[in-house]
Participant: 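A single structure is presented below for examination.
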Amino acid sequence: MNDSLRSIVQVDAAAAALEAKVIGWRRDFHQHPELSNRETRTAGVVTDHLRRLGLKVETRVAHTGVVGLIDSGKPGPVIALRADMDALPVTEQVDVPFASKARATYNGQDVGVMHACGHDCHVAILMGVAEVLAAAKDGLKGKVKFIFQPAAEGPRAGEEGGAALMIKQGVLENPKPDVIFGLHVFAGIEAGRIAYRPGPTMASADRIRVIVNGRQTHAALPWRGVDPIVISSQIVLGLQTIISRQVDVSLEPAVLSIGAIRGGIRDNIIPDTVEMLGTVRTFDEAMRADIRARIRNTVELIAKSAGGSARVEFDSAYPVTVNDVPLTERMVPTLERVAGKSNVFLGQKITGYEDFSHYQQKIPGFFYFVGITPSGIDRKQSAPNHSPHFFVDESALLVGLRSLVHLTLDYMASTTQPG
Ligand SMILES: [Zn+2]
Ligand SMILES: [Zn+2]
């Protein structure tokens with residue numbers, strides 16, 4: 001057996017020996033989920049673990065974020081690994097002994113809290129990766145930065161948070177990573193399998209808020225005012241023609257949805273204003289800019305044509321998650337070795353967003369999907385991420401752990417420039 005083979009066997013043995021511990025951590029986080037920017041208990045568990053392993057640890061980055069560093073003391077690349085920590089305002093309906101009973105106040109409402117997106121798995125996996133790599137420190141070169149990130153689901157209105165705030169607070173400096181890896185557990189992919197895509201992988205997301213101003217009048221005398229409800233109806237239909245008639249959807253798909261319309265108080269009053277909320281998803285930054293301009297035009301000019309006015313606000317913007325193509329091609333053989341060649345496949349584009357995209361705008365990154373649906377369950381019947389029935393086949397945790405360990409070691413081994 002040559003040296004590299006021997007180290008692969010050793011690392012896999014170390015990972016396998018940690019499996020029960022990782023599952024235990026995941027169940028603990030699952031039972032104690034915390035909403036975005038409120039991940040204090042989770043961050044505490046992570047911090048204690050990293051300190052016990054002897055890592056250099058920074059806490060309270062972007063509110064509750066934790067950053068750990070392994071410095072091998074030898075020249076080599078700086079590799080960042082990221083796990084997100086937040087849970088969702090979802091009331092768990094999965095029948096497991098460690099089901100969440102947590103509750104919290106969210107937007108003024110009492111809500112259940114659940115790790116319905118599987119970030120509990122991500123945290124547990126990355127803690128395991130830190131343990132394996134800390135034990136193998138003498139064989140490493142360069143540095144490994146562990147980023148435990150809050151608020152990937154998005155901070156609440158009026159708060160900053162997530163990857164963007166971590167970057168603002170310097171997570172990609174001192175040392176600056178050459179590359180970043182991240183994974184997401186994903187329902188609908190069988191446990192044991194891994195999906196990836198080079199290039200655009202997850203959508204950009206822009207939240208839009210449209211405010212339509214008319215002039216209040218009696219509903220029996222519409223000509224005495226300006227009706228923002230009719231204007232809003234025309235705007236909704238006008239917006240739908242942007243994707244279907246105005247952009248080249250043969251290039252990349254796009255989605256525009258209005259999810260809320262609020263206006264009016266009773267049947268016989270035409271109100272002054274209507275507010276609409278929606279979201280736009282694209283897979284190309286130029287298309288994204290073009291669609292935003294078209295939305296503005298459509299909203300403002302339709303309102304003007306009816307004698308009213310309207311404005312659009314864009315917020316909580318997430319860029320397209322774009323996997324660096326050469327990096328993806330370089331790392332896929334590693335995933336194939338970890339999961340078996342037939343278990344690694346080219347996944348579909350996902351119209352959900354991922355704030356991992358912010359890191360990828362600064363440095364090359366690779367983000368991939370680890371299946372968690374038990375075999376034998378129809379993938380279309382499996383409860384999706386964010387469902388109260390979201391269920392994780394925990395055999396996926398070891399796959400996730402091994403994949404990040406091997407990506408790190410392979411990238412290190414095949415990089416020659418000093419860090
Ligand atoms: Zn999510
Ligand atoms: Zn997620």
Side-chain angles (χ1 to χ4, degrees), residues 26 29-30 33-39 42-43 46 62 64-65 81-94 100 102 104 106-107 111-126 147-156 161-166 180-189 194-197 201-207 255 257 259 279 281 316-321 323 347-360 365-373 382-393 396-397 400 403-404:
R26 183 256 160 173
F29 293 131
H30 194 84
E34 296 170 301
L35 292 173
S36 307
N37 278 345
R38 307 288 185 276
E39 309 90 336
T42 310
V46 169
T64 59
L81 305 175
R82 177 270 208 168
D84 42 10
M85 305 193 289
D86 50 332
L88 287 161
V90 171
T91 305
E92 173 143 23
Q93 286 174 45
V94 182
S100 166
Y106 182 73
N107 286 346
V111 293
V113 184
M114 176 191 177
H115 269 295
C117 202
H119 300 182
D120 50 344
C121 302
H122 304 166
V123 179
I125 287 169
L126 197 56
I147 300 174
F148 291 88
Q149 183 211 298
E153 299 287 358
R156 4 189 137 181
L165 187 59
M166 287 200 99
I180 185 164
F181 297 121
L183 61 76
H184 208 300
V185 296
F186 207 72
I189 302 174
I194 294 177
Y196 73 94
R197 277 193 84 80
T201 296
M202 295 183 77
S204 67
D206 293 285
R207 190 158 60 196
V255 179
S257 296
T279 186
R281 308 292 165 108
S316 89
Y318 292 90
V320 183
T321 302
N323 282 331
Q348 279 177 286
K349 290 194 178 96
I350 295 172
T351 50
Y353 66 81
E354 214 342 300
D355 85 342
F356 190 81
S357 54
H358 288 291
Y359 303 112
Q360 291 171 313
F366 179 43
F367 191 76
Y368 57 98
F369 304 93
V370 172
I372 47 94
T373 296
S382 65
N385 292 51
H386 292 203
S387 158
H389 301 283
F390 179 74
F391 177 80
V392 173
D393 178 335
L397 295 173
S403 65
L404 282 177

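Bear in mind that the values here come from a model prediction, so they are computed numbers and not experimental data. Every number for a ligand or one of its atoms is a count from 1 in the order of the listing.
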Participant: How close do Val94 and Phe390 get, counting heavy atoms only, and between which atoms?
Facilitator: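 Smallest interatomic distance, heavy atoms only, reads CG2-O, 3.4 Å.
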
Participant: Any side-chain donor-acceptor pair under 3.5 Å between Glu34 and Thr42?
Facilitator: yes

Participant: Does any N, O or S atom in His119 come within less than 2.8 Å of the Zn ion (ligand 1)?
Facilitator: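 No.
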
Participant: Between NE2 of His386 and OE2 of Glu153, what angle is found at the Zn ion (ligand 1), rounded to 10 degrees?
Facilitator: 100°

Participant: Give me the atom names and distance for the closest heavy-atom approach of Ala205 to Arg281.
Facilitator: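 Closest approach of Ala205 to Arg281: CB-NE, 3.6 Å.
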
Participant: Angle at the Zn ion (ligand 2), SG of Cys117 to NE2 of His184, rounded to 10 degrees, please.
Facilitator: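 Result: 90°, to 10°.
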
Participant: Over all heavy atoms of both residues, which pair between His122 and His184 is shortest? Give the atoms and the distance, please.
Facilitator: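 The pair with the smallest heavy-atom distance is NE2-CA, 3.3 Å.
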
